[in-house]
Amino acid sequence: MQTNNFEHPLNEKVRIYLRLEYLIRQMQSSCQKTDHWQHQIFFRALFDLLEILEQIQLKAELAKDLTQQASQLKRWLDVPGVDQQALLDLLDKLELMQRQLMTASRLGQELRNDRFLCGIKQRFSIPGGSCCFDLPALHHWLHLPLVHKQSDMTNWLEAISEITNALQLWLRLTREQGQFQAQVARGGFFQHDTDDACLLRIQICPSYGVYPMISGHRNRFSIRFIPFEDGAPIADTIEFKLAIC
């Protein structure tokens with residue numbers, strides 16, 4: 001059955017992590033496209049990512065989160081039935097990611113020093129500022145051979161590989177901590193108490209014609225399902241699946 005999938009952070013740190021993941025996915029996807037309009041999406045996502053990294057120092061915080069994940073996983077080493085080799089491999093990967101993150105230079109610094117990126121970044125903050133008359137250098141780059149452009153974009157992605165790899169691993173492990181369970185919202189409303197949660201994941205059938213508005217924190221949250229169409233009725237009971245991570 002087709003479902004709409006939603007995620008909602010329950011603290012500010014995870015909110016930032018999800019935004020970074022969202023931007024990195026945009027960059028990775030548009031890098032593979034041949035249309036130069038898609039390549040402009042790459043730059044917008046890249047500059048948004050650099051803006052976040054400029055405002056918030058994430059390296060030490062993310063490294064600490066990887067260390068905490070490793071500590072939690074080590075508790076399973078003596079549990080019967082656990083695949084010990086797979087667990088040891090995962091612990092080695094966490095240690096490697098944490099070490100690479102801490103030894104890396106300031107996140108995004110190589111991109112900040114890139115002459116071409118520096119020359120076009122400011123105009124991207126202006127509505128329509130990436131027009132050819134505003135940014136002739138970008139217009140020239142967009143009409144370079146595809147192999148040249150993809151090489152540049154791959155190199156720019158490689159410059160943030162430490163945070164990309166660490167972030168993807170932490171979010172994957174965090175998501176895997178929560179199992180989807182069937183729930184029911186009566187009159188479009190659902191609330192629940194929890195214990196130190198940081199992320200909610202929701203799956204809902206699109207036939208209901210609703211989307212979730214979520215509020216709360218790590219110990220308590222509520223979900224109100226809102227009709228997408230104005231004036232549309234809400235089902236008496238809305239069945240959905242929820243994972244608390």
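Remember, predicted model here, so these are calculated numbers, not experimental data.
Under the 4.5 Å side-chain heavy-atom criterion for ILVMFWY residues, no single connected hydrophobic cluster contains both Val210 and Phe189. Hydrophobic clustering (side-chain heavy atoms under 4.5 Å, transitive across Ile, Leu, Val, Met, Phe, Trp, Tyr) keeps Phe221 apart from Leu199. By the rule that hydrophobic residues join a cluster once side-chain heavy atoms approach within less than 4.5 Å of another member, Phe240 and Ile244 end up as members of one cluster.
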Practice problem: Would you check, one step at a time, whether the test side-chain contact (heavy atoms from CB on, under 4.5 Å) holds for Lys149 with His39? | Solution: CA-CA 9 Å; Lys149 293 188 290 184; His39 295 159; 3.5 Å; yes
Exercise. Evaluate side-chain contact (heavy atoms from CB on, under 4.5 Å) for Phe43 paired with Trp156, printing each intermediate quantity in order.
Key: CA-CA 10 Å; Phe43 290 112; Trp156 291 327; 3.5 Å; yes
Exercise. Please test Arg201 against Cys245 for side-chain contact (heavy atoms from CB on, under 4.5 Å), starting from the C-alpha separation and ending with a verdict.
Key: CA-CA 8 Å; Arg201 307 180 71 199; Cys245 311; 3.9 Å; yes
Practice problem: Applying side-chain contact (heavy atoms from CB on, under 4.5 Å), run through Leu135 and Phe124 and close with a yes or a no. | Solution: CA-CA 9 Å; Leu135 288 176; Phe124 268 82; 3.8 Å; yes
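Between Leu138 and Phe116, some side-chain heavy-atom pair lies under the 4.5 Å cut-off. Using a 4.5 Å heavy-atom threshold, the side chains of Tyr17 and Ile163 count as separate. Lys93 has its side chain out of reach of Asp89: every pair of non-hydrogen atoms, C-beta onward, lies at least 4.5 Å apart. Taking 4.5 Å as the limit, some side-chain heavy atom of Arg106 sits within range of a side-chain heavy atom of Arg112. Side-chain atoms of Ile160 and Leu107, non-hydrogen and from C-beta on, never get closer than 4.5 Å to each other. Taking 4.5 Å as the limit, some side-chain heavy atom of Leu58 sits within range of a side-chain heavy atom of Leu20. Contact of the Cys131 side chain with the Asp134 side chain is registered, since non-hydrogen atoms from C-beta on lie closer than 4.5 Å. Side chains of Leu157 and Thr164 form no contact here, defined as non-hydrogen atoms less than 4.5 Å apart.
With hydrogens and angles disregarded, a donor-acceptor distance shorter than 3.5 Å links the side chain of Lys59 to the backbone of Ala104. A donor-acceptor pair under 3.5 Å is formed between the side chain of Ser125 and the backbone N or O of Gln122.
Within a 6.0 Å radius of CD in Glu21, other residues, nucleotides and ligands contribute more than 12 heavy atoms. Within a 6.0 Å radius of CG in Asp35, more than 12 heavy atoms belonging to other residues, nucleotides or ligands are found. The local environment of CD in Gln72 is crowded, with over 12 non-hydrogen atoms from other residues, nucleotides or ligands closer than 6.0 Å.
Using a 4.0 Å cut-off between charged side-chain N and carboxylate O, Arg99 and Glu162 make no salt bridge. Look at Asp195 and Arg218 and you find no salt bridge, because none of the NZ, NE, NH1 or NH2 atoms lies under 4.0 Å from a carboxylate O. A salt bridge links Glu7 with Arg175; the closest basic N to acidic carboxylate O contact falls under 4.0 Å.
Annotation for Gln183 and Leu242: closest pair CG-CB, 3.9 Å, computed over non-hydrogen atoms. What you find for Ala166 and Leu101 is that their closest heavy atoms are CB-CD2, 4.1 Å. In terms of heavy-atom proximity, Gln57 sits nearest to Leu53 at NE2-O, 4.1 Å. Across Ala197 and Leu10, no two heavy atoms sit closer than the pair CB-CD1, 3.8 Å. In terms of heavy-atom proximity, Leu146 sits nearest to Lys33 at CD1-O, 3.9 Å. Between Arg220 and Thr194, the closest heavy-atom pair is N-CG2, 4.1 Å.
Gln69 and Gln177 are linked by a side-chain donor-acceptor pair at a separation below 3.5 angstrom, with hydrogens and angles left out of the test. Between the side chains of Thr3 and Asn5, a donor-acceptor pair is found at a separation under 3.5 Å. No side-chain donor from either of Ser30 and Gln38 sits under 3.5 Å from a side-chain acceptor of the other. Side-chain contact, Gln32 with Gln28: no donor N or O sits under 3.5 Å from an acceptor N or O.
Taking CD1 of Ile223 as the reference point, atom CZ of Phe6 lies at 11.0 Å (rounded to 0.5 Å). In this structure, Trp141 CH2 and Ile120 CD1 are separated by 8.0 Å, a value rounded to the nearest 0.5 Å. To the nearest 0.5 Å, atoms CG (Asp152) and CZ (Phe42) are separated by 9.0 Å.
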